[in-house]
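Quick notes on the structure that follows.
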Amino acid sequence: MKKYITAEYDGKNSNSEFIELVNIEDIDTECLISYETYDSRFGKLMIGSIGDSICYVGFVTIELSAESELKKRFPKISFKKETKEIHKPVLNFVELGKVPEKKIYVCLKGTSFRIAVWNELLKIPSGKFTTYGIIASRLGNPKASRGVGNAVGSNPVSILIPCHRVIRGDGNLGGYYWGIDLKKMVIGTEIDISE
DNA sequence: GCCTATCGTGATG
DNA sequence: CATCACGATAGGC
């Protein structure tokens with residue numbers, strides 16, 4: 001079984017340079033999510049947005065249809081299938097690794113702990129890895145690795161918030177919400193395969 | 001590999 | 001509020 005090596009990082013050359021997380025306190029029925037599914041190199045990809053902010057980026061797997069996934073994630077919000085301009089730079093980034101010209105705002109609902117974890121994920125550069133335990137330490141609570149796992153696993157915005165760059169402390173991959181094969185595939189686009 | 005200590009959440013009453 | 005079960009964990013042996 002292949003082992004993965006973690007690396008030091010300081011936030012430079014990472015997604016934190018062009019993504020800003022916005023916490024949505026009362027994400028309720030006032031909001032409307034515009035979503036559309038797109039063909040990507042990782043299979044079907046769903047992108048959802050509220051206004052000019054991205055609220056969801058995820059893979060559409062067989063057992064989880066796009067709409068039921070949205071219902072599960074945002075139980076109280078209504079949604080509409082439509083293409084939005086803001087989806088375009090996101091798709092470009094996923095497909096080509098093209099860094100967006102304008103800052104992308106990502107709106108999320110979560111406890112302060114979860115927001116902190118997601119912000120940490122943004123700082124990991126492409127092709128590098130960290131562990132659940134390291135993130136816990138960086139947040140000042142070294143024993144909270146398990147809680148970090150929970151937060152990472154519930155990240156609603158894949159790729160942009162690179163939850164695939166977190167692995168287990170023992171060098172194994174750990175899990176992935178959309179399936180471990182997808183995690184491998186995404187990682188494979190970021191590292192030298194010849195290793 | 002198995003066992004156990006631990007943490008943040010959401011569900012439940 | 002209090003408690004409980006549940007992990008994409010970590011570390012010891």
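Each chain gets a letter, A, B and so on, in the order its sequence line appears, and its residues count up from 1.
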Exercise for the section: Answer yes or no: is there a side-chain heavy-atom contact under 4.5 Å between A:Ile86 and A:Tyr105? Expected result: no
Problem - Contact check, side chains of A:Tyr4 and A:Arg168, non-hydrogen atoms, under 4.5 Å - result: no
Exercise for the section: Apply side chain to side chain contact (heavy atoms under 4.5 Å, CB included) to the pair A:Phe129 and A:Ile191, showing each step before the final yes or no. Expected result: CA-CA 10 Å; A:Phe129 302 102; A:Ile191 62 175; 4.1 Å; yes
Problem - Rounded distance (Å) that lies between atom P of B:dG10 and atom NZ of A:Lys76 - result: 12 Å
Exercise for the section: Using whole Å, report how far NZ of A:Lys143 lies from P of B:dA5. Expected result: 12 Å
Problem - Value in whole Å for how far the C1' atom of B:dG10 lies from NZ of A:Lys72 - result: 14 Å
Exercise for the section: Please answer whether the main-chain N or O of A:Gly175 pairs with a side-chain N or O of A:Lys183 as donor and acceptor at a distance below 3.5 Å. Expected result: yes
Handout entry: Test applied, salt bridge (charged side-chain N to carboxylate O under 4.0 Å, His left out); reference residue, A:Glu36; option that passes from A:Lys44, A:Lys84, A:Lys81, A:Lys80
Key = A:Lys81
Problem - Check: A:Lys102 and A:Pro89 side chains under 4.5 Å, non-hydrogen atoms - result: no
Handout entry: A:Lys12 atom NZ: more than 12 heavy-atom contacts under 6.0 Å
Key = no
Practice task
Using the criterion of both pairing distances under 3.5 Å for Watson-Crick and G-U wobble pairs, give all stems of 3 or more consecutive pairs involving DNA chain C.
Solution key: B:1-5 with C:9-13, B:7-13 with C:1-7
Practice task
Please tell me if the side chains of A:Met185 and A:Thr189 come closer than 4.5 Å, counting only heavy atoms from C-beta onward.
Solution key: no
Practice task
Check the angle between the aromatic planes of A:Tyr176 and A:Phe59 and answer parallel, tilted or perpendicular using the 30° and 60° thresholds.
Solution key: tilted
Exercise for the section: Would you mind telling me which of A:Asn15, A:Leu21, A:Ile124 makes a side chain to side chain contact (heavy atoms under 4.5 Å, CB included) with A:Ile161? Expected result: A:Leu21
Taking only N/O atoms, report every protein-nucleotides 11-13 of chain B pair under 3.5 Å with atom names and distance.
none

Exercise for the section: Can you check each nucleotide of nucleotides 7-13 of chain C against protein heavy atoms at under 4.0 Å and return B for base, S for sugar-phosphate only, - for none, in 5' to 3' order? Expected result: BBBB---
